[in-house]
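Step one of this worksheet: look at the structure below.
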Amino acid sequence: MGAVRIIDVSPRDGLQNEPKQVTTQEKETLVKLLHAARIRTVEATSFVHPKKVPQMADASDVLVGIAGMKDLQSIALIPNLKGYERARNHSLSEVNWVSSATETFNQKNIGLTIDENMEQFQSLVAQARKDGIQTCFSIAVSFGCPYENNVSEDQVLKLVKRAKQAGADRIGIADTIGIATPDHVHRLMKKVLDIAGETPIAIHLHDTRGLGLANAYASYQAGVRIFETAVSGIGGCPFAPGAAGNLATEDLVYLFHRMNIDTGIDFAKLLDAADYAASLSTKNPLGRIRHVERK
């Protein structure tokens, strides 16, 4: 069975909706614990407007604090070109540009139409290549939208085609509100992979309805090898009412290890990171394996 790559998004997606302010030092400690567990790619922060997402107001400080960590690939989410101008001043492997599969969510999330967003992304790709930074084009609400309900597969696939044509180095498919089912995931991801060709595809799953792990397995069966998760299952989207946390990194790693699928991750140290992430959250973390393995 093919090896997989885990991108942990807990410092960004796990903490962005946290009502209690998490200190910069605590965020840096979380990244260091993930790094100690041999997670080599971390979405560390986002350059969104601090009034919209106050928890990410220290984005620059976090990146300065984790700079120089050996073999760490840092990712920052950016909502627009202004965000990129701030992000490019730091040592980053990749910037994650977010669009949405529906117009309503795109407007509420970043205040642009899908076409306007795509035009900006094309400008971003050109500049990022000059700066030596890779780009990921992530498609939010790919399986269902809190405002428009069902999302057609054609809407998602059209955006995948456009992102590939624009030159995205990676494309992410996100179940932002945790509405997907394994059959839907398997069907859509096979189509996405066919269109993407050589462009790497990641899946980003939320565990709102307890189907995150089943959906991850379905996507693996479809051919996906990159997974975005958050230790302890913390997180939620401030622009998606009712969205619960991410699929827990340790739950997915446990599944893969039991199936003899290589993740390159130290599971025991990953549990340390999960425990710490849980201590930073005021919510009930969704991760399951941590409680069992700690007994």
Side-chain angles (χ1 to χ4, degrees), residues 2-9 12-13 41-43 46 73-81 83-84 87 92-103 105-106 109-110 112 114-129 133-145 151-177 180 184-206 215-216 218-229 237 246-247:
V4 298
R5 177 185 174 204
I6 305 289
I7 299 173
D8 193 284
V9 301
R12 196 279 301 175
D13 197 6
T41 310
V42 175
E43 191 171 85
S46 63
Q73 296 179 319
S74 297
I75 300 173
L77 181 143
I78 55 171
N80 49 42
L81 293 175
Y84 180 72
L92 286 169
S93 299
E94 181 184 272
V95 288
N96 185 9
W97 180 276
V98 179
S99 183
S100 303
T102 67
E103 292 287 358
F105 196 86
N106 217 56
N109 192 22
I110 55 177
L112 297 171
I114 291 173
D115 285 344
E116 289 169 342
N117 190 31
M118 183 58 72
E119 287 175 11
Q120 286 202 17
F121 179 69
Q122 290 169 335
S123 298
L124 168 76
V125 170
Q127 184 60 54
R129 282 179 176 166
I133 300 174
Q134 294 200 319
T135 57
C136 176
F137 186 89
S138 290
I139 306 172
V141 298
S142 289
F143 297 92
C145 174
V151 176
S152 77
E153 292 182 1
D154 283 345
Q155 287 175 262
V156 178
L157 298 176
K158 284 177 183 177
L159 278 173
V160 171
K161 289 177 184 175
R162 294 178 73 180
K164 180 179 172 64
Q165 290 168 353
D169 295 298
R170 179 168 71 92
I171 297 172
I173 305 297
D175 181 20
T176 310
I177 60 173
H184 189 180
V185 169
H186 188 273
R187 183 178 65 247
L188 179 60
M189 296 314 293
K190 281 191 74 68
K191 294 176 181 177
V192 168
L193 288 163
D194 286 344
I195 291 171
E198 296 300 314
T199 303
I201 294 294
I203 191 161
H204 179 117
L205 296 166
H206 284 242
N215 289 334
S219 63
Y220 180 85
Q221 291 291 88
V224 175
R225 294 295 181 267
I226 307 174
F227 298 83
E228 296 182 0
T229 57
C237 177
N246 296 271
L247 173 61

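Keep in mind the model is a prediction, meaning the values are calculated, not measured.
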Next on the checklist: Contact between Leu157 and Val192 at the side-chain level, heavy atoms closer than 4.5 Å - yes or no?
Outcome noted: yes
Item to check | Side-chain (Asn117) to main-chain (Val98) donor-acceptor, under 3.5 angstrom | outcome: yes
Checklist entry - Quick check: are there more than 12 heavy atoms from other residues, nucleotides or ligands sitting under 6.0 Å from NZ of Lys164? => result yes
Item to check | Spatial distance of atom OG (Ser138) from atom CD (Glu43) [nearest 0.5 Å] | outcome: 7.0 Å
Checklist entry - Does any N or O in the side chain of Arg129 come within less than 3.5 Å of the main-chain N or O of Gly167, such that one atom is a donor and the other an acceptor? => result yes
Checklist entry - Which pair of non-hydrogen atoms, one from Thr176 and one from Val141, has the smallest distance, and what is that distance? => result OG1-N, 2.8 Å
Item to check | side-chain contact (heavy atoms from CB on, under 4.5 Å) between Thr199 and Val160, worked out | outcome: CA-CA 10 Å; Thr199 303; Val160 171; over 6 Å; no
Checklist entry - So Gln221 and His186, side-chain contact (heavy atoms from CB on, under 4.5 Å) or not? Walk me through it. => result CA-CA 7 Å; Gln221 291 291 88; His186 188 273; 4.0 Å; yes
Item to check | Ala180 backbone acceptor or donor facing Asp175 side chain under 3.5 Å | outcome: yes
Next on the checklist: I'd like to know if the side chain of Asp169 and the backbone of Thr135 have a donor-acceptor N/O pair within less than 3.5 Å.
Outcome noted: yes
Next on the checklist: Ignoring hydrogens, what is the shortest heavy-atom contact between Ser142 and Val151? Give both atom names and the distance.
Outcome noted: O-CG1, 4.0 Å
Checklist entry - Do we see a donor-acceptor contact under 3.5 Å between the side chains of His184 and Asn215? => result no
Checklist outcome for this item: Interatomic distance, CH2@Trp97 vs CG@Leu124, rounded to 0.5 Å, equals 5.5 Å
Item to check | Pairwise distance CD1(Ile75) to CD(Glu228) - rounded to 0.5 angstrom | outcome: 6.5 Å
Item to check | Ile133/Gln127 under side-chain contact (heavy atoms from CB on, under 4.5 Å): CA gap, chis, key distance, verdict | outcome: CA-CA 9 Å; Ile133 300 174; Gln127 184 60 54; over 6 Å; no
Checklist outcome for this item: Note: Ala166 and Met118 closest approach over all heavy atoms is CB-SD, 4.5 Å
Checklist entry - Does Tyr220 offer a backbone N or O that forms a donor-acceptor pair with the side chain of Arg225 under 3.5 Å? => result yes
Item to check | Nearest heavy atoms of Met189 and Ala202, plus distance in Å | outcome: CE-O, 4.4 Å
Next on the checklist: Using only atom types and a distance under 3.5 Å, with no angle test, would you say the side chain of Asn106 pairs donor to acceptor with the backbone of Leu112?
Outcome noted: yes
Next on the checklist: Just verifying a value: how many Å separate Ile7 CD1 and Asp13 CG, rounded to the nearest 0.5 Å?
Outcome noted: 12.5 Å
Item to check | Pair Asp115 + Arg162: basic N to acidic O under 4.0 Å | outcome: yes
Next on the checklist: For the OG atom of Ser99 and the CD1 atom of Ile110, what is their distance to the nearest 0.5 Å?
Outcome noted: 6.0 Å
Item to check | CG on Asp8 to OG1 on Thr41, rounded to 0.5 Å | outcome: 10.0 Å
Item to check | Minimum-distance pair of heavy atoms, taken over all atoms of Val156 and Ile139 | outcome: O-CD1, 4.0 Å
Item to check | Smallest separation among heavy atoms of Cys136 and Glu94, with atom names | outcome: CB-OE2, 3.5 Å
Checklist entry - Under 3.5 Å, is there a donor-acceptor pair between the side chain of Gln120 and the main chain of Asn80? => result no
